[in-house]
Number of protein chains: 2
Amino acid sequence: MQISSRFSIGVHILSLLAVNSGAHLTSEWIAGSVGTNPVVIRRVTGQLKKAGLVEVRAGSGGATLARGLESITLLDVYRAVDAVEEGKLFHMHEQPNPNCEVGANIEHVLRLLMLKAQDAMEGVLGAVTMRELVDVLAVEIKRSAVK
Amino acid sequence: MQISSRFSIGVHILSLLAVNSGAHLTSEWIAGSVGTNPVVIRRVTGQLKKAGLVEVRAGSGGATLARGLESITLLDVYRAVDAVEEGKLFHMHEQPNPNCEVGANIEHVLRLLMLKAQDAMEGVLGAVTMRELVDVLAVEIKRSAVK
DNA sequence: TCATGTTGTAACTATAATGGTTACAACGAA
DNA sequence: TTCGTTGTAACCATTATAGTTACAACATGA
């Protein structure tokens, strides 16, 4: 199975807030850029808010970054939107037979490896800040604007 | 979401074939160790067979390793059971607005990172052979037998 | 004060993957 | 030819996702 698109949506939202900082960005407007429903945006925005990444104005509407892009890694976004539960990227079969030598011991051995693999994946996300991503994005935007 | 337990089941099956080599291991018997239904085992075994990792005797029954444990990495198992489609660990939202600067360019930028993260995860699996896993497993088995 | 537009959230839906289960034809060996 | 096994189809319950409608709570500006 796949990791929820909430992650890519979250990154998209933060990028919009960064690039269009100052503008009045409503869930409706963001949904237009992401290509989905405003409620989906509000749900993800709510998670980003709970994680302290954005601030949302109820009533008047609109969201803004709550922290500098430098201080937000992609792992922060990934965690904020609950993309994958901690240590549970892999689903292990649940009732290995404790009376079988292999069944009784494989869980422990395999679990270690799964955690290591998950850590490696998350490590890549943790090594990149939203600042870096937005900078690369800005270059891409310029390049595509020239064409 | 989580990566299918087919992966851990596949590793479990190969471990059984290695530890009990020579024995007549039917899907029924294996299912007893894994803690699931024989049909589930046959499904996974079928995938391992298709990948050339095991041989299965139709009719008389039983499965055996088709290759040396040294030549099978956990990544081979992961691929054999279709744990995650190539390059698709992350699900990216699918209709970013091409008329929006961010929407038009984020997919490309984010996709690169996702691939890098997935590669890191799979790299860990590729760096471990079934031989190594079974050796560690054997140590665990001994240790738990002593207690 | 009140009208307007927005957020937060509940509720419902369709879709898809998973893993368990029954059933049975095809097969191989004793 | 009998028996136990595999390979597969078919079905089911469960779960997560993502889209949608609906509406109360809220903030702001007229």
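Just so we're on the same page: letters track the sequence lines, and every chain starts at 1.
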Can B:Ile3 and A:Leu89 be said to form a side-chain contact (heavy atoms from CB on, under 4.5 Å), step by step? CA-CA 6 Å; B:Ile3 292 174; A:Leu89 176 60; 3.8 Å; yes

Passes side-chain contact (heavy atoms from CB on, under 4.5 Å), B:Leu16 versus A:Cys100? Steps please. CA-CA 10 Å; B:Leu16 286 173; A:Cys100 166; 3.9 Å; yes

Would you give a per-nucleotide map of nucleotides 25-30 of chain D, 5' to 3', where B means the base has a protein non-hydrogen atom under 4.0 Å away, S means only the sugar-phosphate does, and - means neither? -BSS--

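Contacts between residues 40-56 of chain A and DNA chain C, counted as heavy-atom distances below 4.0 Å, involve A:Arg42, A:Arg43, A:Lys49, A:Val56. If you check residues 7-34 of chain A against DNA chain C, the residues with a heavy atom closer than 4.0 Å are A:Thr26, A:Ser27, listed by number.
By the neighbour-count criterion of 12 heavy atoms within 6.0 Å, atom CD of B:Glu86 is sparsely surrounded, having that number or fewer from other residues, nucleotides or ligands. Within a 6.0 Å radius of CD in A:Glu122, more than 12 heavy atoms belonging to other residues, nucleotides or ligands are found.
Taking 4.5 Å as the limit, some side-chain heavy atom of A:Val77 sits within range of a side-chain heavy atom of A:Leu48. Side-chain contact between B:Asp76 and B:Thr129: absent, with no pair of heavy atoms (C-beta onward) separated by less than 4.5 Å.
Annotation for B:Ile41 and B:Thr36: closest pair CD1-CG2, 3.8 Å, computed over non-hydrogen atoms. Between A:Ile141 and B:Val102, the closest heavy-atom pair is CD1-N, 4.4 Å.
Taking the salt bridge (charged side-chain N to carboxylate O under 4.0 Å, His left out) definition, one finds that A:Arg57 meets it with nothing, sequence neighbours left out.
Toward the 5′ end of DNA chain D lies the nearest nucleotide of B:Gly61, the other residue of the pair B:Gln95 and B:Gly61 mapping further downstream. Nucleotides of DNA chain C nearest to B:Ala83 and B:Val39 differ in position, and the one nearer the 5' end is that of B:Ala83.
A:His91 comes within 4.0 angstrom of sugar-phosphate atoms only, judged by non-hydrogen atoms across all strands, and of no base.
On the nucleic acid side, DNA chain C contacts chain B at distances under 4.0 Å to non-hydrogen atoms, with the end points of that region at C:dT18 to C:dA29.
Between B:Phe7 and A:Phe90, the ring-plane angle classifies as tilted under the 30° and 60° cut-offs.
Paired regions of DNA chain D, where each region holds three or more successive Watson-Crick or G-U pairs whose two hydrogen-bonding distances fall under 3.5 Å, are C:1-30 with D:1-30.
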